[in-house]
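Here is the structure we will look at.
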Protein chains: 2
Amino acid sequence: MKAPPNGFLANPAEGERKSINSELWHACAGPLVSLPPVGSLVVYFPQGHSEQVAASMQKETDFVPSYPNLPSKLICMLHNVTLHADPETDEVYAQMTLQPVNKYDREALLASDMGLKQSRQPAEFFCKTLTASDTSTHGGFSVPRRAAEKIFPPLDFSMQPPAQELQARDLHENPWTFRHIYRGQPKRHLLTTGWSVFVSNKRLFAGDSVLFIRDEKSQFLLGIRRANRQQPALSSSVISSDSMHIGILAAAAHAAANNSPFTIFYNPRASPSEFVVPLAKYNKAMYTQVSLGMRFRMMFETEECGVRRYMGTITGISDLDPVRWKNSQWRNLQVGWDESTAGERPTRVSIWDIEPVVTPFYICPPPFFRPRFPKQPGMPDNDNDVENAFKRAMPWLGDDFGMKDSPNSIFPVCSCSIWTLSFNGFFESIAQ
Amino acid sequence: MKAPPNGFLANPAEGERKSINSELWHACAGPLVSLPPVGSLVVYFPQGHSEQVAASMQKETDFVPSYPNLPSKLICMLHNVTLHADPETDEVYAQMTLQPVNKYDREALLASDMGLKQSRQPAEFFCKTLTASDTSTHGGFSVPRRAAEKIFPPLDFSMQPPAQELQARDLHENPWTFRHIYRGQPKRHLLTTGWSVFVSNKRLFAGDSVLFIRDEKSQFLLGIRRANRQQPALSSSVISSDSMHIGILAAAAHAAANNSPFTIFYNPRASPSEFVVPLAKYNKAMYTQVSLGMRFRMMFETEECGVRRYMGTITGISDLDPVRWKNSQWRNLQVGWDESTAGERPTRVSIWDIEPVVTPFYICPPPFFRPRFPKQPGMPDNDNDVENAFKRAMPWLGDDFGMKDSPNSIFPVCSCSIWTLSFNGFFESIAQ
DNA sequence: ATGTTGGCTAGAAGCCGACAA
DNA sequence: TTGTCGGCTTCTAGCCAACAT
């Protein structure tokens, strides 16, 4: 057997050279994953980043030194986003270049707001979880009728039986060809020749999903989503997980100190740690007044590639890691769920993850004019209140203070560590 | 097809739970790889470590901040060594726990000296590079006659044809069974049934090697060595290579500042970066006076799992990275090779990698009494001379100064950053 | 001594409709 | 509408010695 030119797969570095199809990437990433747009403002949580690394390594870190100069969140400009897919496993991930900022202008804030609306799941899309029959060597793939009719090129039904050759490209642009035939009693769409090669090459098993899309250029593409069961089981072998954690924190701390850009990888399917949050989303969430017993809804991906909301109740508010990440808002809400079915749901979430079921009174009173929030048990009641109030107010300042006509006006915001400085600067800019 | 319980392979975490057979590990690692013994002293080169990461990532790092507090070498106590093998690829690597030390005692130094002698390549060992026929689906594996006679259990030649079932375990203790038969015209040893399963499971290709050993308990084991062509192509997807580099340096710097232990992975086949060097080996190399034009020999692994020496000449002496790692001895020798055949050899090596071809005059004059070395072009001629002279002297101090009877006497040595302090301490300890 | 090839065969892969949920 | 199965066919994996180097 001849060796492939470079490693196990035919073109391992290909995913790196070519740019990845964005629609296919999002289809593989799932309906809940949305990436903030380039040029927008985001909030970066080192704690969440650390959590993703721990999940990827399947190992909690024994010891990570505290980084006293690294705040629990950094407001950053998102300079660059590139989409990637692991050449071995097709796992999707994104590389982002972030630059901590002390001030930002209104355009960037608006751009950040944009990020909230777009849902990137392609319209011409279908996804099927593979059955035992689909993955057995005994036969082919049974195509759901609707899917074949909506996505596949139409068959010539004058043929007996109607059949055609299908070609679709994956995330790495590798083409896969299948024989698509409409036969059986009752009639059905099937993929036969070529299918098993795909299954074994991608190492798919019953429970994994395959998806077909037709992108905006009406190209026919296919991708996979693996069942959560399959962790990539990276035991690294390159650097220790301790050094990884230190590296992440040191890189962020260095960037924060110098306002220099740094690079992170966001791996949406490795762990549910959305540690780069659009600033607008974060700000919007800061309007929410949380309290024990509060009811909320939260979106989850279903087995069948859809989404559904589950109801829950806030049962506690406390720091996830009171030692290293004091007063962080990262997953500081303890929650219970109405349905205790399978498919575990997290016991801790962040405020921007949930959709509160609120009484109208609490939403959107004009900032600075609404009554001060009552103290909340379990919430830090130190001077962070001031900071929170400030941040809650931010997204609306441009409108409320009639700055619509001065789009270039710069007004500063803070990263926590230099709060005092920026806060003073803030009032100066208002006063001018 | 049913999914394996956890990922692609049957027991991905198994290599982590069970301890790896040391002889098999070393057989897979190759004849040039030797690990310093636990409890010995080693010299750790962050620069070399960084190099290994760059090689593993197949990416030079654009930007790594300087770590001014991190010396280019750290003398460390080696506390722990665990052997590992990647569950996916069987790539061998070692995890080491190092603790920077300012002082060390004579026992540790002697232990470090031990490390030099042991060659861990098992005696009952054979290794064959796979041919196209060996890896094709058309047939089995042609066993070299000598190998079968030396390592395999003897066949019953009264049978027609002589045959038996062979069982061997790999690094993860997974058993593999093969039909071993002696047949054909002319007669030969073959592995038939079971062989192709092994080849496809381990994803072996022509050019890769398979090796069989019989360990000290006379267990029959097998392992693989992949051709260098196949890089693991880790594009990480977890953390950026920048953060990795920073993580490595930050972890080492933190450990150096606190004399606290830190953990590294040494991946001998990923790159030829032996960045953890036994102190005795380092000290011994410090005796070598290098000069332009000096002739030397150096060992390399051959295609056929053996070793051979190549002759070369020193063509330059300079820092590999004069900015970040000034006066580091890491690969500061530029070299040319007598044979310019294929199988590239490095253009830069470290002094402890080579065996100088020296005139007797230069070796082992009594330290402190020999004439001062002439200035060397291209070598730093600053106060590092003093340091080098001191370090050259170290391994012999115990004997030369009659300290044989005081095994507990502590005498300090330095890491570069605290040179002055330690150097003073050194004379104090001599004086007492 | 051992790599490659053609011939042969057993068994797996894979196409099909029947049947059932 | 679609998952699984028994029946049947095709093709590849894989055993063998011949032949070549």
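Every chain is numbered from 1, with letters handed out A, B, ... down the list of sequences. Excluded from the calculations below are hydrogen atoms, water molecules and symmetry mates; all remaining heavy atoms, backbone and side chain alike, are included.
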Got a sec? Which of residues 155-163 of chain B come in under 4.0 Å of DNA chain C, heavy atoms?
none
Report yes or no: is there a donor-acceptor pair, N or O only, under 3.5 Å between the side chain of A:H138 and the base of D:dG3?
no
Cationic tip of B:R345 above B:Y310 ring, under 6.0 Å, 45° of axis
yes
Under a 3.5 Å distance rule, please check whether A:S200 uses its side chain to pair with a backbone N or O of A:S196 as donor and acceptor.
yes
Between B:L190 (CG) and D:dC16 (C1'), how many Å, whole number?
10 Å
Counting the atoms with a prime plus P, OP1 and OP2 as sugar-phosphate, which does A:R188 contact under 4.0 Å by heavy atoms, base, sugar-phosphate, or nothing?
base
Write down the distance between CZ (A:F141) and C1' (D:dT2), rounded to a whole number of angstrom.
11 Å
Report yes if at least one side-chain N or O of A:T131 is closer than 4.0 Å to OP1 or OP2 of D:dT4; otherwise report no.
yes
A:S142 side-chain N/O to D:dT2 phosphate OP1/OP2 under 4.0 Å:
no
B:R269/B:E301 salt bridge by N-O under 4.0 Å criterion:
yes
When you check the phosphate oxygens OP1 and OP2 of D:dG3, does a side-chain N or O of A:S133 lie under 4.0 Å from one of them?
no
Quickly work out the A:L130 CG to D:dG3 C1' distance and round it to whole Å.
13 Å
Do any side-chain nitrogens or oxygens of A:R183 fall under 4.0 Å of OP1 or OP2 in C:dC15?
no
Evaluate the salt bridge (Lys or Arg N to Asp or Glu O under 4.0 Å) criterion for residues A:K202 and A:E88: first the C-alpha distance (whole Å), next the side-chain angles of each, then the deciding distance (0.1 Å), finally the verdict.
CA-CA 8 Å; A:K202 297 293 187 190; A:E88 282 275 327; over 6 Å; no
Would you mind reading off the distance between A:D134 atom CG and D:dC5 atom C1', rounded to a whole angstrom?
15 Å
Gap between atoms CZ and C1', on A:F198 and C:dG14 respectively (whole Å):
18 Å
Heavy atoms from C-beta onward define the side chain here; which of D:dT2, C:dT2, C:dT4 lies closest to that of B:A132?
C:dT4
Applying ring-ring contact (aromatic ring centres under 6.0 Å, His included) to A:F152 and A:H189, what does each step give before you reach the verdict?
CA-CA 10 Å; A:F152 287 6; A:H189 292 271; 7.3 Å; no
Row check, B:F141 ring normal vs B:K128 NZ/CZ: under 6.0 Å, within 45°
yes
With a 4.0 Å limit, can you tell me whether A:T193 has a side-chain N or O closer than that to the phosphate oxygens OP1/OP2 of C:dG14?
no
Given DNA chain C, 5'-ward residue of the pair A:S196 and B:Q185, judged by closest heavy atom
B:Q185
Whole angstrom value for the distance that separates P of D:dA17 from OH of B:Y182:
12 Å
What is the distance, rounded to the nearest whole Å, between atom NZ of A:K128 and atom P of D:dT1?
14 Å
Looking at every strand, decide which applies to B:P186 at a 4.0 Å heavy-atom threshold: base, sugar-phosphate, or nothing.
base
To the nearest angstrom, how far is A:L191 atom CG from D:dT2 atom C1'?
14 Å
Aromatic centroids of B:F300 and B:W337 separated by under 6.0 Å:
yes
Measure from the side-chain heavy atoms of A:T192 and tell me the nearest of C:dC16, C:dA13, D:dA13.
C:dC16
For the ring pair B:W25 and B:Y93, is the centre-to-centre distance below 6.0 Å?
no
